[in-house]
Q: 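There's a structure below that I have some questions on.
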Amino acid sequence: MRRSCKPPPRIAFQRIARAALLHGDTICRQWLPGGRLCGCEYTVKNPRRMDRRAGSFKINIASGLWCDFATGEGGRDFISLGAYLFSLSQKQAACNIADMIGVDAYE
């Protein structure tokens, strides 16, 4: 008897990243409380280092781009932000965001 070898389901990274943009403000406030929103830019202390004050760690909630201008670390979407903040793989970060915002994580 022959068993079917189905490939594992693929993570829908692009769909999750696009959907996360609709929830950027909420994601930032939940993951990084105490920041401030000025226009589309959320500024907060970087919890991954001993940041004394907010100013160098910024997330653009409209585009998903984020950067710590003091260290040069950054990314292009909320998936990479989640992976960075919580020391996760991109796959796990994407699945966590999908669960958080109520979208299907798989293609």
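For this chain, numbers begin at 1 and follow the sequence in order.
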Q: Mark yes or no: Arg48 above the aromatic ring of Tyr84, with NZ or CZ under 6.0 Å from the six-membered ring centre and no more than 45 degrees from the axis.
A: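 That pair qualifies as a cation-pi contact.
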Q: How about Arg29 and Leu37: do any of their side-chain heavy atoms sit closer than 4.5 Å?
A: yes
Q: Quick one, Lys58 and Tyr42 - any side-chain contact, counting heavy atoms below 4.5 Å?
A: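 A side-chain contact is absent here, since even the closest heavy-atom pair is not under 4.5 Å.
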Q: Could you state the interatomic distance from NZ (Lys45) to CE (Met50), rounded to the nearest 0.5 Å?
A: 9.0 Å
Q: Working to the nearest 0.5 angstrom, can you tell me the gap between Phe13 CZ and Cys95 SG?
A: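 Output value for this atom pair is 7.5 Å.
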Q: List the residues meeting salt bridge (Lys or Arg N to Asp or Glu O under 4.0 Å) with Glu73, not counting sequence neighbours, and say none if there are none.
A: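 Counting only residues at least two positions away or on another chain, Glu73 forms no salt bridge (Lys or Arg N to Asp or Glu O under 4.0 Å).
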Q: Should we count OH of Tyr106 as having more than 12 external heavy atoms under 6.0 Å?
A: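 Open: at most 12 neighbouring heavy atoms sit under 6.0 Å from OH of Tyr106.
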Q: Side chains of Trp66 and Asn60, heavy atoms from C-beta outward: is any pair under 4.5 Å?
A: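 Result no, sub-4.5 Å side-chain heavy-atom pair not found.
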Q: Give, for atom CG of Asp77 and atom CG of Leu65, the distance between the pair rounded to the nearest 0.5 Å.
A: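 Output value for this atom pair is 8.5 Å.
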Q: Indicate yes or no: at least one non-hydrogen side-chain atom of Trp31 is less than 4.5 angstrom from one of Met100.
A: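 In contact.
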Q: Side chains of Phe57 and Thr43: closer than 4.5 Å at any heavy-atom pair?
A: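 They are not in side-chain contact.
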Q: Let me confirm one number: the CD1-CD1 distance from Ile27 to Ile59, rounded to the nearest 0.5 Å.
A: 10.5 Å
Q: Where do Asp51 and Asn46 come nearest, in terms of heavy atoms and distance?
A: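 Shortest heavy-atom separation between Asp51 and Asn46 comes out as OD2-N, 2.8 Å.
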Q: Going from CG on Leu81 to CG on Leu85, what distance comes out if it is rounded to the nearest 0.5 angstrom?
A: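 So the gap between those two atoms works out to 4.0 Å.
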Q: Please say yes or no: joined through hydrophobic side-chain contacts below 4.5 Å, possibly via intermediate residues, are Ile79 and Phe86 part of one cluster?
A: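 Yes, Ile79 connects to Phe86 through the hydrophobic network.
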Q: Roughly how far apart are Asn96 CG and Ser89 OG, rounded to 0.5 Å?
A: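 The OG atom of Ser89 is 8.5 Å from CG of Asn96, to the nearest 0.5 Å.
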Q: Minimum heavy-atom separation for Gly82 and Leu88, please, with both atom names.
A: O-CD1, 4.2 Å
Q: Looking only at non-hydrogen atoms, find the nearest pair between Ala93 and Ala83 and report the distance.
A: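 In terms of heavy atoms, the two residues are closest at CB-N, 3.6 Å.
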Q: Please determine if Asp68 and Arg49 form a salt bridge, counting it only when a charged side-chain N lies under 4.0 Å from a carboxylate O.
A: yes
Q: Give the minimum heavy-atom separation between Ile61 and Cys28, together with the two atoms involved.
A: CG2-SG, 3.9 Å
Q: Determine yes or no for a side-chain-to-main-chain donor-acceptor pair under 3.5 angstrom, with Arg15 supplying the side chain and Asp104 the backbone.
A: yes
Q: Search all heavy atoms of Ile101 against all heavy atoms of Ala20 and return the closest pair with its distance.
A: CD1-N, 3.6 Å
